[in-house]
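Notes follow the structure.
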Amino acid sequence: MDCLREIQGKQAHDPIFIEKMNTSASWRCICVPGPLIVGAGPSGLATAACLKEKGVPSVVLERSNCIASLWQLKTYDRLRLHLPKQFCELPLMGFPTDFPTYPIKQQFVDYLEAYAREFDIKPRFNETVSQAEYDATLGFWRVKSVGVNGKGTEYVCRWLVVATGENAEAVMPEMEGMGEFGGDIRHTSLYKSGEEFRGKRVLVVGCGNSGMEVCLDLCNHNARPSLVVRDTVHVLPREMLGLSTFGLSMWLLKWLPIRFVDRLLLIVTWLMLGDTARIGLDRPRLGPLELKNLSGKTPVLDVGTLANIKSGDIKVCPSIKRLKRHAVEFVNGKTENFDAIILATGYKSNVPSWLKEREMFSEKDGYPRRPFPNGWKGESGLYAVGFTKRGLLGTSMDARRIAEDIERCWKHEAKHRMAFTRSLLQQPSSDSSS
Ligand SMILES: Cc1cc2nc3c(=O)[nH]c(=O)nc-3n(C[C@H](O)[C@H](O)[C@H](O)COP(=O)(O)OP(=O)(O)OC[C@H]3O[C@@H](n4cnc5c(N)ncnc54)[C@H](O)[C@@H]3O)c2cc1C
């Protein structure tokens, strides 16, 4: 059963399969009275719930066979929410009080399942949206989806909500000699646990939250990890002064300018973690919050990796020059042997591959062009949820705004619909009296 689920999940992400289905499919057409939401991750669910609360029905399409496929199918076993639960809850329903501050992955998935049940959200699974285009003549969006069985469906709707996420596709960097390397090369989206790497020399490429945590997991399973650090990075303790670093930062930002808060964070971090540059992790010139605001680059919240780097259990390496059969040559001229390479190289949006619209979304990165907090609304009933680079907090803000906006149009149009229906009903009686 799990195996079938995995195959279906993989097909839903395979562009060749989608293309094949796209050309061979016989299309049927469905008119959606309310908004159509693409993606049943936290963003899609949050929007559907907010709409439901306002009495607006919606249809949710999901390429995988489950909700929150990123969390269920593409994350490692030891994953917990990086931020405290109060910053990760979706609108209208909090986490159960007995959940820990940082819920584990399964608890988060359980919460999302309960959320979907509470608001009676039943996504149409195994439907990959392959194309969406605004028909200006009709004044409607035409959205094509392809199912695993090759059946194509065209949805016609007045509102289209893009909820496919910032993490829709894995980013796989090109490296010289990649085809030559004899060991396993995989993206973190396919990494589950360090168990299968026990005793092996593993090179982890990328030092964001995932790369750092995968290194720690490998250490805990007695593998021998090395970490490629190609860029500067802010590593902060997950908690400081007995409070979550994120919560403390949000609170301080209410009273103090961002640069001052950054200074404070870096002083406390230095006192707690020492000078990270001494272990090969240089800090960016801008402070962590200012950098996040300007570029979206998230600081790493340390959950124990740094101690293993300090102790030498995790080795820090420079950029890769090329891969060889069983080794990696680095830009500093050194060569080391490795059994496997894990690419913690992040994800990208897939919006440009299916949405035929270039005003709201950038073709380059698949994000809304307008900066936060204005990226949620486009023209002609097009919306984006979950593209703020601000995690689930950003998702909640978008979802509420979108639901309020659509509700206004929905009610306005409902009045017209009712007036129109009434006039139709009155027509025969006035006819008969004349
Ligand atoms: C390892 C990891 C840990 C994280 N931890 C946190 C955290 O602690 N706190 C936090 O706030 N954020 C965290 N994030 C950020 C994360 O992106 C959000 O938590 C959340 O998953 C975003 O929800 P989403 O619905 O926008 O996107 P996703 O969860 O990616 O959901 C998008 C859905 O759209 C579907 N989809 C994509 N393309 C199509 C298509 N063409 N047709 C149909 N369906 C499609 C996908 O299958 C997916 O189910 C983490 C991210 C990662 C990778």
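Counting convention: from 1, in listed order, for ligands and their atoms alike.
Across the listed options Leu70, Leu355, Asn126, Asn209, Leu70 owns the non-hydrogen atom lying nearest to atom 52 (C) of ligand 1. Comparing heavy-atom distances from atom 46 (C) of ligand 1 across Glu169, Glu62, Arg124 singles out Glu62 as nearest. Compare Val143, Leu73, Leu392, Thr298 by their heavy atoms: the one nearest to atom 11 (O) of ligand 1 is in Leu392. Which of Ala40, Gly41, Ser69, Gly391 comes nearest to atom 12 (N) of ligand 1 through a heavy atom is settled by distance: it is Gly391.
Atom CZ of Arg198 has more than 12 heavy atoms from other residues, nucleotides or ligands within 6.0 Å.
The aromatic rings of Phe95 and Phe99 are tilted relative to each other, their planes meeting at an angle between 30° and 60°.
Here's the thing with Asn167: one of its N/O atoms is less than 3.5 angstrom from an N/O atom of ligand 1. At least one N or O atom of Trp71, backbone or side chain, sits closer than 3.5 Å to an N or O atom of ligand 1. Here's the thing with His82: one of its N/O atoms is less than 3.5 angstrom from an N/O atom of ligand 1. Checking only distances, Tyr347 never comes within under 3.5 Å of ligand 1, N or O to N or O. Residue Asn350 has at least one nitrogen or oxygen atom sitting less than 3.5 Å from a nitrogen or oxygen atom of ligand 1, judged on distance alone.
Contact check on Arg63 versus Glu127 returns no salt bridge, with no Lys/Arg side-chain nitrogen under 4.0 Å from an Asp/Glu carboxylate oxygen. The pair Glu213-Arg78 counts as a salt bridge, with a side-chain nitrogen and a carboxylate oxygen less than 4.0 angstrom apart. Using a 4.0 Å cut-off between charged side-chain N and carboxylate O, Lys144 and Glu133 make no salt bridge. For the pair Arg400 and Asp398, the salt-bridge criterion is not met [side-chain N within less than 4.0 Å of a carboxylate O].
The shortest heavy-atom contact between Thr164 and Ala168 is O-CB, 3.5 Å.
Of all atoms in ligand 1, listed by their number and element, those nearer than 4.0 Å to a heavy atom of Leu83 are 8 (O). With ligand atoms numbered from 1 in the order given, ligand 1 contributes 32 (C), 33 (C), 34 (O) to contacts under 4.0 Å with heavy atoms of Ala163.
At least one heavy atom of Pro42 sits closer than 4.0 Å to an atom of ligand 1.
If you run side chain to side chain contact (heavy atoms under 4.5 Å, CB included) between Leu355 and each of Val143, Val38, Leu160, Asn350, only Leu160 comes through.
Once rounded to the nearest 0.5 Å, the distance linking CG of Leu343 with OG1 of Thr188 reads 8.0 Å.
Neither the backbone nor the side chain of Phe387 comes within 4.0 Å of ligand 1, counting heavy atoms alone. Under 4.0 Å from ligand 1, not a single heavy atom of Arg80 appears. In Leu393, neither the side chain nor the backbone holds a heavy atom less than 4.0 Å from any atom of ligand 1.
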